[in-house]
Peer 1: 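First the structure, which I've put down as structure tokens, then a few questions once you've had a look.
Just the heavy atoms: all of them, side chains too, but no hydrogens, waters or symmetry mates, feed the values below. Keep in mind that what you see is a predicted model, and the values were worked out from it rather than measured. Order of the sequence lines fixes the chain letters, A, B, ..., with proteins taken first and strands second; residue numbering starts at 1 for each chain.
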There are 2 protein chains.
Amino acid sequence: MARRPTPDDGRARPTTIRDVARHAGVSVATVSRILSGTYPSAPVTRTKVMRAVRELDYVANAHARGLAGVQPKSVAIVVNSVTSPHYAHVAQGVQEQAAREGRLCVVGTSGGDPERELAIVQLMREQHAEAVVLVGNISADDAYRERMAGYARALTLAGCHLVLCGRPSLGPEVPAIVVEYDNTGGAHAMTSHLIAAGHRRVLFLGRRAGYTTPESRIAGYRAALAAHGVPHDPGLEVDGTMERHEGYRMMRDRLDGGPRDFTAVFACNDQIAAGARQALREEGLRVPDDVSLAGFDDLPPAPDIDLTTVHVQHKELGRTAVRLAMESEVPGTPEHVLLGTRLVIRDSVRQACPAA
Amino acid sequence: MARRPTPDDGRARPTTIRDVARHAGVSVATVSRILSGTYPSAPVTRTKVMRAVRELDYVANAHARGLAGVQPKSVAIVVNSVTSPHYAHVAQGVQEQAAREGRLCVVGTSGGDPERELAIVQLMREQHAEAVVLVGNISADDAYRERMAGYARALTLAGCHLVLCGRPSLGPEVPAIVVEYDNTGGAHAMTSHLIAAGHRRVLFLGRRAGYTTPESRIAGYRAALAAHGVPHDPGLEVDGTMERHEGYRMMRDRLDGGPRDFTAVFACNDQIAAGARQALREEGLRVPDDVSLAGFDDLPPAPDIDLTTVHVQHKELGRTAVRLAMESEVPGTPEHVLLGTRLVIRDSVRQACPAA
DNA sequence: CGGGAGAGTTAAACCGTTTACACAAGGGGA
DNA sequence: TCCCCTTGTGTAAACGGTTTAACTCTCCCG
């Protein structure tokens, strides 16, 4: 036996459909049908059953129901961490859309560790999630891609959709929906904006080889420099991750390292910008009077520090991910969506001082 | 039959333990035992089974496993929204602790709607979650409390623990773990800090009747005024919710409404403080030179706007919630925990100008 | 008065796993 | 040689629902 009948067990066993049937004086099948409402039934029986359900405070066992083939499945989302505004907003979009489609939403955090991400995906496969949404920015290691590709195929076989959100495709052979936003275009536009304001030495904070988001953004930065005939100085590209304290560190190091050789800063995201701004202020440099500063994302704390930045539709990203996964059965559904971005001009960029 | 055998079905059925058993030439029970590793087995059998598992890429069906009585259950957390830094940090703590205890974490958002919150709790009951964590700040309506109390009893009956996080108990009769932090004490300390700096007219932004968090904080504010013999002017208490745009609105209204009759502002949280700061700056008032400003929470964007605030251990709150729920079987576990807070002095509060 | 038609209900099979119990083979002590 | 114990595996009964196929009534029509 799976479990002893435990008629003498201390704690009570939850109410089952059998209890309801007995209490209402009908069969189990009748209760099931009346509750699902998919079958005609006599009003008097219906009343009896509903009363029994209320009196016993019955709720169905989701495991049993899932096992029996009913599919009110769930959507899973894997992010680095929920405290990062970027992930939080995407997650919020996923949540909202999942709720709208009547799905439960499971959130997992990987902490940026590919190993944990793979483990969570495997877990979701066990849970028979309807869709698994992987959000952004992971090291594109070859062995990792190979394994994830394998999982993607397994998920698809089990009728589950893999959605890559703000992250590039795993290759044409791998079944996955991709929802991205235009990192390169946004960075290009922002860099052009800085150049138009007369800046020719723009410090880029947050380069990170192997990570797709920073790589796309720096590509836009470089392309804009080239398009406007501004010489590209690799010495102006600073390595770092996308956290606030890293922004602080990068700027500190730069200021401590010698005379200031830039008039503007383009941070890879708003968090870095916020950290860099703090380091600048500690050094007595005002934004935008002494140094212009631009970010990317348009998330808190951008409005609080008057940051000129690139707006990304984060919630829409999450919503689209879920929507595409749900609709992917219908023929015309696209498998790759690229969301646009737009500049948000606040007050952190000023005309370059020609003397600088 | 529950489902036709579908030997001719288009899409493949996921691999079951039976497939593995057949493929390895052993019985289903043997596969189960070898995979769970709780039983002795011959090395040669073990090898065969493991190879079959690998070749078929088998993962167990979590529904079936759950039904059969194995309990690697999950932890559920219900928050207003994941984009609010306050909830995000608590959720992060819950996630981390749940992961550490080997539990899956389900996140639901209620949008502050008691009705949806109740619905999610019911859903979690179906899912047989091991613990349900409800986070903060809901309207303490009587009918709602009654229903939630009923659910709490039902959850307990099903062996599931209800944890109220940053929210008061439902009453002594209701089985629930409560993890709070000291709102009143923190607000008292901050108000005292402002009074010590010479402020006697402190504007409180974010009063909200019926909501426990603002009510506790304003109680601390009033108590501190009384303790230091500063007259209490109800006209200095402004109603509003705990969002950034509300902080902006409240301060705007106040400044537009007449001459400034306060020298310091105590915002009910950092978000309100950030909004209020923006309104002040638009009016040409500098923080802290013209007006002192204090917040509550110590979450982004507090460090970016140099906000003096009250630090709350948000992650610890979430972690404690999960930990207590897991350990609640062992006798000595407390059912009510109050976490401390501490002042974080930055640069948004200055000595009051006696003339003001 | 026999015989569909159709509404309402029930018994039983099935979903995929775990596990109590049965059982076979092999080894060692009496 | 016999018996018992250990070790490894198989059989079958749960777990709690859903669904199919069969069955029992009424009712209506020829």
Peer 1: Under 4.0 Å, heavy atoms only, any strand: does A:Ser36 hit a base, just the sugar-phosphate, or nothing?
Peer 2: nothing
Peer 1: Look at B:Tyr58 and C:dT17 and indicate whether a side-chain polar atom (N or O) is within less than 4.0 Å of OP1 or OP2.
Peer 2: yes
Peer 1: Between B:Arg46 and B:Ser41, do the side chains contain an N or O donor and an N or O acceptor separated by less than 3.5 Å?
Peer 2: yes
Peer 1: Between B:His63 (NE2) and C:dG16 (P), how many Å, whole number?
Peer 2: 12 Å
Peer 1: Quickly work out the A:Leu35 CG to D:dT18 P distance and round it to whole Å.
Peer 2: 7 Å
Peer 1: Return the nearest nucleotide to the side chain of A:Ala64; candidates are C:dG16, C:dG8, D:dG17.
Peer 2: D:dG17
Peer 1: For B:Tyr144 and B:Glu115, does a side-chain donor sit closer than 3.5 Å to a side-chain acceptor?
Peer 2: no
Peer 1: Choose from C:dT17, D:dT9, D:dG8 the nucleotide whose nearest atom is closest to any side-chain atom of B:Thr45.
Peer 2: D:dT9
Peer 1: Round to the nearest Å and state the distance from A:Leu67 atom CG to C:dT18 atom P.
Peer 2: 12 Å
Peer 1: Using distance alone, with no hydrogens and no angle criterion, decide if B:Glu126 and B:Gln122 have a side-chain donor and acceptor under 3.5 Å apart.
Peer 2: no
Peer 1: Do B:Glu180 and B:Pro168 touch side chain to side chain, with heavy atoms closer than 4.5 Å?
Peer 2: yes
Peer 1: Nearest-Å distance, CD (A:Gln127) to C1' (C:dG16)?
Peer 2: 14 Å
Peer 1: Would you call A:Asp142-A:Arg147 a salt bridge at under 4.0 Å N-O?
Peer 2: no
Peer 1: With a 4.0 Å cut-off on N to O distance, would you call B:Arg319 and B:Glu96 a salt bridge?
Peer 2: yes
Peer 1: Give the residues of residues 23-33 of chain A touching DNA chain D, defined as any heavy atom closer than 4.0 Å, sorted by residue number.
Peer 2: A:Val28, A:Ala29, A:Ser32, A:Arg33
Peer 1: Whole angstroms only, please: what is the CZ-C1' distance between B:Arg125 and D:dG17?
Peer 2: 16 Å
Peer 1: From the options C:dT9, C:dT17, D:dG16, select the nucleotide whose nearest atom is closest to the side chain of B:Arg18.
Peer 2: C:dT17
Peer 1: To the nearest angstrom, how far is B:Ile34 atom CD1 from D:dG10 atom C1'?
Peer 2: 13 Å
Peer 1: What verdict does the side-chain hydrogen bond (donor to acceptor under 3.5 Å, both in side chains) test give for B:Ser84 and B:Ser81, after you've listed the backbone C-alpha separation in whole Å, the side-chain angles of each residue and the deciding distance to 0.1 Å?
Peer 2: CA-CA 6 Å; B:Ser84 153; B:Ser81 97; 5.3 Å; no
Peer 1: A:Arg65 CZ to D:dC15 P: how many Å, rounded?
Peer 2: 19 Å
